[in-house]
Each structure stands twice: as structure tokens, then as C-alpha cells.
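Only one structure is covered here, and it is reproduced in the block below.
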Amino acid sequence: MGAFPCRDAPVIMGHEFSGVVTAVGPEVSHLKAGDRIAVDPNNGCFNCDSCHKGEYHFCKIGGINNTVGIWSDGGWAQYCKVPCDQVHKLPDSITLEQAALTEPLSCVSHGWDRICPIAVGSKILILGAGIIGNLWASVLHLQGHRRVTVSEPQEARRKLMKNLETGFDIITPTELKARKAQDTEYGFDLIVDCSGYAPAMEESLDLLKHGGKLCIFGITSPEAKMSVRPFQLYMKEVTIYAVNINPFSFPKALGWIDAMGSR
């Protein structure tokens with residue numbers, strides 16, 4: 001579990017999942033046994049100020065404080081009980097395997113909404129080529145972005161990223177530092193951190209161009225820290241965005257999956 005907040009008692013994890021409905025409660029009318037669905041593990045109390053503002057990810061009762069698969073048994077169980085208003089029926093065009101990516105893509109969608117607009121032709125850097133880095137790369141490619149660099153230390157993950165066939169420049173952090181050392185003007189309009197590694201986030205500030213954006217998407221330990229130089233932020237007019245889960249962005253994620261198809 002690491003340091004991320006979760007239930008102390010044993011819990012079956014799995015907050016990113018799809019499945020088939022086996023039974024519904026007596027008051028559920030929009031779902032039936034046999035329906036193929038994806039589960040949004042997050043919700044709010046819908047009574048607090050945050051929820052009434054449409055920001056249930058800030059809810060002290062909901063959000064990451066009540067996530068299915070973290071605070072209650074989730075998708076790694078053989079059967080999982082979830083609230084009916086957190087279930088999304090799948091169109092025939094989306095497989096259960098694809099739908100398992102809906103939750104992380106819905107978080108990417110929330111991040112996308114926060115950092116947009118991103119002009120096509122922007123120079124973009126993705127830090128980390130795990131599943132989240134791969135999803136960000138897929139979405140950027142879908143939206144027409146081609147001047148994208150991906151920095152990843154593990155060779156196996158770099159190879160997986162190449163399998164996407166986006167044509168993006170996939171390099172190591174060492175290569176990234178070498179390029180900056182050789183050219184002081186080397187930099188990016190947007191950097192998306194998918195590593196959750198605070199030192200990488202801190203170093204990335206030097207790689208931002210004037211007016212650049214840093215999207216902190218990877219989740220760090222609650223104790224992690226990074227240092228910034230306010231004068232550097234002032235001189236470059238840098239903007240730092242943080243992204244917290246997926247408020248009302250599940251339908252957008254399903255739309256992305258449908259648009260990307262079998263790829």
C-alpha cells in the first residue's frame with residue numbers, strides 16, 4: 001500500500017475495472033443482469049459545498065476518501081458490490097478489456113481539461129512510460145500532437161511505449177539531461193509528469209519554455225517534497241497544474257476509448 005491513504009483493515013484492491021452485472025438491487029432500474037459495465041470507483045456525498053460546486057474530488061467524505069478498491073473491496077474480487085450510480089454501461093464497440101482502462105483515462109481526461117488549450121505543434125515532454133504515460137501518449141496522439149518526447153529509465157517500458165507506434169521520441173533521463181546540457185534553449189511548452197517522482201518534477205521546471213505548463217499527474221508519497229525558485233516562475237510565467245482523480249469525466253474517457261478503437 002505504501003503511504004497512500006487506504007483502509008487499515010484487509011481490503012481486496014482494484015479501483016480500475018470493468019465487468020458483467022450478475023445481480024441488481026430492487027430499486028435499480030437502469031441496469032440488469034448480463035449488462036457489460038465499467039465502474040467509476042469515485043463519488044461524493046453530494047451534500048457538502050464541494051459536491052454542490054461539482055467538485056466531489058474535494059469532498060471530505062467522497063473522492064479518494066471513499067474509493068472502491070481502496071476503502072472497500074474492489075475489482076480484484078470475484079464479485080464486487082458497487083453503488084448503481086457509479087456504473088456505466090458499455091456500448092457494443094468497447095470490449096471489457098478496453099473498458100478496464102476507463103478509470104485511469106477518466107483521470108487523464110480531467111487533467112486534459114485542466115491544462116487545455118494545448119496548441120497542435122507544441123513541444124511536449126512525458127515523464128514516465130508506465131501505463132499512465134502510455135495513456136497520455138495515446139491521448140496526445142489522438143488529439144494530433146506529434147512533437148512529443150517521452151523520458152523513461154527502464155528499457156522494458158521504453159519498448160512498450162514504442163509498440164504504440166506513435167513516432168514519439170523515446171529517450172532515457174540521461175539523454176534528456178545531455179540534450180539540455182548541449183543546448184540551453186532545449187525545452188518544452190508542456191511537461192506531463194507520470195512518474196510520481198518528486199525529484200523528476202523539480203528538475204523538469206528547468207526544461208519548461210517561457211509560458212510553459214507543468215502537469216503533476218503522477219502521485220507521490222504524501223511526504224515527498226520538491227523545491228521551486230519563485231523568480232524562475234516569475235521570469236517564465238510558468239503554470240503548475242495538479243490533477244486529482246476524475247470528477248464527472250467517465251463519459252469522456254469512454255468516448256476516447258471508442259475513438260481510439262482497437263489500437
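Side-chain contact of Asp206 with Gln232: a donor-acceptor pair under 3.5 Å is present, judged by distance alone.
The minimum heavy-atom distance linking Ala129 with Val150 is given by the pair CB-CG1, 4.0 Å. Listed here is the closest heavy atom pair of Tyr56 and Asp40: OH-OD2, 3.6 Å. Across Cys215 and Val243, no two heavy atoms sit closer than the pair SG-CG2, 3.7 Å. Closest of all the heavy-atom pairs between Val82 and Cys80 is CG1-SG, 3.6 Å. Minimum heavy-atom separation, His145 to Ile124: ND1-CD1, 3.6 Å. For the pair Lys180 and Tyr186, the tightest heavy-atom approach, listed with the atom from each and the gap, is NZ-O, 3.0 Å.
Grouping the Ile, Leu, Val, Met, Phe, Trp and Tyr side chains by contacts below 4.5 angstrom, directly or via other members, places Ile118 with Ile126. Note on Leu142 and Ile94: same hydrophobic cluster, where clusters join Ile, Leu, Val, Met, Phe, Trp and Tyr whose side-chain heavy atoms are under 4.5 Å apart, directly or indirectly. Linking ILVMFWY residues whenever their side-chain heavy atoms come closer than 4.5 Å, directly or via other members, places Val108 and Leu164 in the same cluster. The hydrophobic cluster containing Phe217 also contains Tyr241, counting ILVMFWY residues as joined when their side-chain heavy atoms lie under 4.5 angstrom apart, directly or transitively. Taken together through direct or relayed side-chain contacts under 4.5 Å among Ile, Leu, Val, Met, Phe, Trp and Tyr, Phe17 and Leu96 form parts of separate hydrophobic clusters.
With contacts defined as side-chain heavy-atom distances shorter than 4.5 Å, the pair Cys84/His30 qualifies. A heavy-atom distance below 4.5 Å is not found between the side chains of Arg229 and Tyr234. Side chains of Leu254 and Leu90 form a contact here, defined as non-hydrogen atoms less than 4.5 Å apart. Leu176 is listed as a side-chain neighbour of Leu125, based on a closest heavy-atom distance under 4.5 Å. The closest side-chain heavy-atom distance from Glu152 to Met161 is not below 4.5 Å. The shortest side-chain heavy-atom distance between Ser122 and Leu190 does not fall under the 4.5 Å cut-off. Contact of the Leu214 side chain with the Ser204 side chain is registered, since non-hydrogen atoms from C-beta on lie closer than 4.5 Å. Side-chain atoms of Ile132 and Pro104, non-hydrogen and from C-beta on, do get closer than 4.5 Å to each other.
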**Request:** Output, in order, the C-alpha distance, side-chain angles, deciding distance and verdict of side chain to side chain contact (heavy atoms under 4.5 Å, CB included) for Thr239 and Glu237.
**Result:** CA-CA 7 Å; Thr239 306; Glu237 284 199 346; over 6 Å; no
**Message:** As a quick check of understanding, evaluate side chain to side chain contact (heavy atoms under 4.5 Å, CB included) for His110 and Ile245, giving each step before the final call.
**Reply:** CA-CA 7 Å; His110 177 47; Ile245 65 169; over 6 Å; no
**Request:** Show the numbers, then the answer: is there a side chain to side chain contact (heavy atoms under 4.5 Å, CB included) between Ser138 and Met260?
**Result:** CA-CA 8 Å; Ser138 299; Met260 286 186 275; 3.7 Å; yes
**Message:** Quick one, Val68 with His15, criterion side chain to side chain contact (heavy atoms under 4.5 Å, CB included). Give me CA distance, side-chain angles, the key distance, then yes/no.
**Reply:** CA-CA 6 Å; Val68 174; His15 67 283; 5.8 Å; no
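Rounding to the nearest 0.5 Å places NE2 of His88 at 9.0 Å from OG1 of Thr102. Separation of atoms CG (Asp193) and CD1 (Ile219) is listed at 11.0 Å; rounding is to 0.5 Å.
No side-chain donor-acceptor contact under 3.5 Å links Ser18 to the backbone of Ala38. When atom types are taken as modelled, the side chain of Asp35 and the backbone of Lys32 share a donor-acceptor pair closer than 3.5 angstrom. Side-chain atoms of Trp71 come within 3.5 Å of backbone N or O of Ile64 as a donor-acceptor pair. No donor-acceptor pair closer than 3.5 Å links the side chain of Ser109 to the backbone N or O of Leu105. Side chain of Glu16 to backbone of Leu101: no donor-acceptor contact under 3.5 angstrom is found. At least one donor-acceptor pair under 3.5 Å links the side chain of Arg114 to the backbone N or O of Ala242. Side chain of Gln98 to main chain of Gly261: a donor-acceptor pair is present (N/O by atom type, distance under 3.5 Å, no hydrogens or angles). Side-chain N or O atoms of Arg146 include none that pairs as donor or acceptor with a backbone N or O of Gly121 at under 3.5 Å.
Note: Phe46 and Phe248 have tilted aromatic rings, judged against thresholds of 30 and 60 degrees for the angle between ring planes. Taking the six-membered ring where the residue is Trp, Trp112 and Trp136 present tilted rings, their angle falling between 30° and 60°.
Under a 4.0 Å N-O distance rule, the pair Lys159/Glu155 qualifies as a salt bridge. Comment: Asp189 does not engage Arg147 in a salt bridge, judged by the lack of any side-chain N to carboxylate O separation of less than 4.0 angstrom.
Here the rule is side-chain hydrogen bond (donor to acceptor under 3.5 Å, both in side chains) with Asn42, and of Thr67, Asn66, Asn244 only Thr67 fits it.
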